[in-house]
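These notes are about the structure you will find just below.
Chain identifiers are assigned alphabetically (A, B, ...) following the order of the sequence lines, protein sequences preceding nucleic acid strands; residue numbering begins at 1 within each chain.
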Amino acid sequence: MRYRPGEGGRRHAGPLHHSAAVRCTGTIVESQGSGQRVEMQVQQVEVLGDSDPNAYPIQPKKHSLEFLRENAHLRFRTNTYSAIFRIRHQVSFGIHEYFNGKGYNYFHSPIITASDAEGAGEMFRVSTLDAKNPPLNDDGSVNWAADFFGAESRLTVSGQLQAELAALALGKVYTFGPTFRAENSNTARHLAEFWMIEPEAAFMDLHGNMDLAEGLCKHLIARVLQHSADDLEFLDKRMAEEEKQKPQQQRSEMGLIERLKFVLEHPFERITYTDAIDILLRSKPYQKKQFQYPVEWGVDLQSEHERYLVEKHFKKPVIVTGYPAQVKAFYMRMNGPGDFGYTDKGPTVAAMDVLFPGIGEIIGGSQREERLDVLEARMDAMGVPKDQMWWFLDTRRFGTVPHAGFGLGLERFVLFVTGMGNIRDVIPFPRTPKSAEF
RNA sequence: UCCUCGGUAGCUCAGCCGGUUAGAGCACCUGACUGUUAAUCAGGGGGUCGCUGGUUCAAGUCCAGCCCGGGGAGCCA
């Protein structure tokens, strides 16, 4: 690109390179070019910061997302990523807007925890001990009492347990912060560091929980449609281009904006786990033996089953409730006769998973077990150490109350609203196994 | 962690059954031309073929191990 001052001028001011920062002075005039209303007739150009085209990795052409991921420090400069991160902002802001509007208090659960009983997955250790020569006990084990916190401590996998404490005081709270899982998960839907929103409300049951979750998703979608129309338009076109490359069968029926509006305008399907199993048993892929994993009451739903329910059978977001107790966490409320989701096929809990097309589980939540004796029995049965959890059990000892909540994965939601395919593309600096650069 | 595909120029890729000096498009540099917007035309520079070892007269190509990435699965948000 060359800059020529004045009309028909030939005086070259030198090359202007891609990504150079310039300050231009000139006159804004009506443009003769197509696709733009105005343009600047430049009288003066000042190069604030040049950019060496032989060294600058981003070129004015279409790059692969994999390549841009490896240049995560520069990828915001592309139109795709700047659109994604503006939308991520709108979603984040909308979360506060939604909960604030409903009288929820933004509650800061701790990032560092010394309890190992949250049961949501492998945890990262936090320590200031010398990794090569830690202080040892007489029996050769590491002396954690000498560590910074005086106990073995880790990064949180969930703020839920603390949010429960707060909900039983403030009534309605939500957390919104980073969460860490040391799982060796290598998928387009998993991060080692991700952001999670966890509302928790006293006197709320499973139905209220479902209403809250659906309301949140729809509020966020509406907000993005309203405030990020240009960026959605861009991503919509981008997705349409990508779809053209795919074989007919794999193409999605709706464009991005069309899909967002569809989800906004239709109620989420609400079914029990038991009904879901029945639907799967009657499904074509089951009868043609196309499912890789078995379908029978008592086993957890696999990705292929969730995808069938959401993408083939209902073709919209689905909330599945009343899972078998054995596949869910200890703090979920046991269903008894008369409770929603109860069945004589086996013990179930008041769990709920919100499943979205293309992504799968975007929200996981439940009504919590508020009865001390039932909760303690569950903890014993599942090997959760009650002594470490005394503070959690105290909520059930001193004025317990029915309550419920859920966890929404921010990045998974942003994945859905941007139409992107890999979760590493909707967080600025993804942390995954073997990767924490930038 | 498992299955699968891949790693060749700055980027996207081709490179046959192992065989001479490893190619193309784009990008970049020089020049020409130009109300352009994926401009065009001519010329030019640019390579540790992921790493290590092995087989062979000869390895980008075959074999083994390792590293990294994509897609799928598990774990989950």
Side-chain angles (χ1 to χ4, degrees), chain A residues 1-4 7-10 12 14-15 17-19 29-36 39-42 51-71 74 78 118-123 156-160 175-198 213 217 246 250 291-293 300-307 327-329 351-356 359-365 405-416 421-427 430 432-435 437:
Chain A
M1 189 197 301
R2 287 199 172 270
Y3 157 65
R4 294 181 306 281
E7 218 173 336
R10 294 293 251 262
H12 289 187
H17 298 113
H18 184 227
S19 191
V29 298
E30 200 171 324
S31 179
Q32 298 168 31
S34 64
Q36 55 190 21
E39 63 185 34
M40 178 188 262
Q41 282 182 351
V42 175
S51 174
D52 179 358
N54 287 308
Y56 184 59
I58 314 292
Q59 294 172 13
K61 57 166 275 191
K62 195 176 165 78
H63 283 290
S64 70
L65 296 175
E66 291 81 19
F67 172 73
L68 291 168
R69 217 171 284 151
E70 286 165 15
N71 291 278
L74 298 171
T78 66
E118 293 170 22
E122 293 294 311
M123 300 172 87
T156 184
V157 292
S158 164
Q160 179 202 315
T175 72
F176 183 7
T179 304
F180 307 87
R181 305 268 167 98
E183 304 284 345
N184 191 12
S185 299
N186 296 286
T187 80
R189 308 179 297 286
H190 290 264
L191 291 164
E193 176 184 303
F194 63 99
W195 286 63
M196 188 154 65
I197 297 93
E198 296 180 288
C217 292
K246 292 184 190 169
Q250 286 174 32
F291 285 137
Q292 196 188 334
Y293 289 86
D300 205 357
L301 299 179
Q302 301 294 320
S303 285
E304 58 181 2
H305 307 140
E306 295 178 348
R307 269 208 312 277
V327 302
K328 290 292 181 185
M352 71 167 197
D353 282 1
V354 181
L355 311 176
F356 263 50
I359 295 159
E361 185 180 347
I362 209 162
I363 286 176
F406 61 80
L408 166 71
L410 176 71
E411 286 78 14
R412 286 191 181 173
F413 192 84
V414 175
L415 214 45
F416 177 74
N422 192 315
I423 202 162
R424 294 162 196 193
D425 294 327
V426 299
I427 187 167
T432 54
K434 310 279 181 220
S435 171
E437 211 179 1

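Residues A:Phe416 and A:Cys217 fail the side-chain proximity criterion, which asks for heavy atoms closer than 4.5 Å. Residues A:Pro430 and A:Asn422 fail the side-chain proximity criterion, which asks for heavy atoms closer than 4.5 Å. Contact annotation: the side chain of A:Arg69 never approaches that of A:Ser435 to less than 4.5 Å [non-hydrogen atoms, C-beta and beyond]. The shortest distance between side-chain heavy atoms of A:Glu70 and A:Glu437 does not fall below 4.5 Å. With contacts defined as side-chain heavy-atom distances shorter than 4.5 Å, the pair A:Leu410/A:Ile197 qualifies.
The only option from A:Glu183, A:Arg181, A:Glu411, A:Arg412 that meets the side chain to side chain contact (heavy atoms under 4.5 Å, CB included) definition with A:His190 turns out to be A:Arg412.
Across the interface with RNA chain B, nearest-nucleotide mapping of A:Ile362 and A:Thr432 shows A:Thr432 to be the residue nearer the 5′ end. Nearest-nucleotide positions on RNA chain B for A:Asn184 and A:Glu70 put A:Asn184 closer to the 5' end.
Within 3.5 Å, no donor on the side chain of A:Glu66 pairs with an acceptor on the base of B:rG69, nor the reverse. Residue side chain A:Ser185 reaches the base of B:rC75 through a donor-acceptor N/O pair under 3.5 Å, judged by distance alone.
The distance between atom NE2 of A:His305 and atom P of B:rC75, rounded to the nearest whole Å, is 11 Å. Following rounding to the nearest Å, A:Asp425 (CG) and B:rG70 (C1') show an atom-to-atom distance of 12 Å. Following rounding to the nearest Å, A:Met196 (CE) and B:rC76 (C1') show an atom-to-atom distance of 10 Å. Look at CG on A:Leu65: it is 9 Å from P on B:rG71, rounded to the nearest Å. The interatomic distance linking A:Leu355 (CG) with B:rC76 (P) rounds to 14 Å, in whole Å. Across the protein-nucleic acid pair, A:Glu198 atom CD and B:rC76 atom C1' stand 13 Å apart, rounded to whole Å. Separating the CG atom of A:Asn186 from the C1' atom of B:rC2 is a distance of 10 Å, rounded to the nearest angstrom. Atom pair A:Gln59:CD and B:rA38:P shows a separation of 17 Å (rounding to whole Å applied).
Spacing of P atoms, B:rG65 relative to B:rC3, comes out at 12 Å, to the nearest Å. A distance of about 36 Å separates the C1' atoms of B:rG6 and B:rU40, rounded to the whole Å. For the P atom pair drawn from B:rG44 and B:rC49, the interatomic distance equals 25 Å after rounding to whole Å. Across B:rA27 and B:rA39, the matching C1' atoms stand 15 Å from one another, rounded to whole Å. Between B:rA59 and B:rA22, the distance separating the two P atoms is 14 Å to the nearest Å. Going from the P atom of B:rG69 to that of B:rC62 covers 24 Å, rounded to whole Å. As rounded to the nearest Å, B:rC16 and B:rG60 have P atoms that lie 12 Å from one another. Taking atom P in both B:rG46 and B:rG35, one finds a spacing of 35 Å when rounded to whole Å.
Between the side chains of A:Tyr56 and A:Ser19, at least one donor N or O sits under 3.5 Å from an acceptor N or O.
Of the candidates B:rC68, B:rA77, B:rC11, the closest approach to any side-chain atom of A:Lys434 belongs to B:rC68. For A:Asn422, whose side chain is taken as the heavy atoms from C-beta onward, the closest listed nucleotide among B:rG10, B:rG71, B:rA73 is B:rG71. Each of B:rG69, B:rG74, B:rA77 was ranked by its minimum atom distance to the side chain of A:Glu361; first place goes to B:rA77. Residue A:Phe67 has its side chain nearest to B:rC11 when only B:rC11, B:rA77, B:rA73 are considered.
Heavy atoms of A:Tyr293 sit under 4.0 angstrom from primed sugar atoms or phosphate atoms, though from no base atom. Residue contacts shown for A:Phe194 include a base, since a base heavy atom lies under 4.0 Å away. Among the protein residues, A:Leu191 comes within range of the nucleic acid bases, having at least one heavy atom under 4.0 Å from a base atom. Using a 4.0 Å heavy-atom distance criterion, A:Ser64 is classed as a sugar-phosphate-only contact.
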Could you walk me through whether A:Phe291 and A:His305 pass ring-ring contact (aromatic ring centres under 6.0 Å, His included), step by step? CA-CA 8 Å; A:Phe291 285 137; A:His305 307 140; 4.8 Å; yes

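Of the side-chain N and O atoms in A:Arg189, none sit less than 4.0 angstrom from OP1 or OP2 of B:rC75. Contact between the side-chain N/O atoms of A:Arg69 and the OP1/OP2 oxygens of B:rG70 is found at a separation under 4.0 Å. Phosphate contact (OP1/OP2 of B:rA73, side-chain N/O of A:Arg307, threshold under 4.0 Å): present. For A:Gln302, a side-chain nitrogen or oxygen approaches OP1 or OP2 of B:rG74 to under 4.0 Å. Residue A:Ser303 places at least one side-chain N or O under 4.0 Å from the OP1 or OP2 atom of B:rG74.
When all heavy atoms are compared, the tightest approach of A:Ile363 to A:Ala213 is CD1-CB, 3.9 Å. What you find for A:Glu193 and A:Ile427 is that their closest heavy atoms are O-CD1, 3.6 Å.
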Map every base of RNA chain B to its dot-bracket character, where paired means a Watson-Crick or G-U wobble contact with both distances under 3.5 Å and | marks a partner outside the strand. (((((((..((((.....[...)))).(((((.......))))).....(((((..]....))))))))))))....

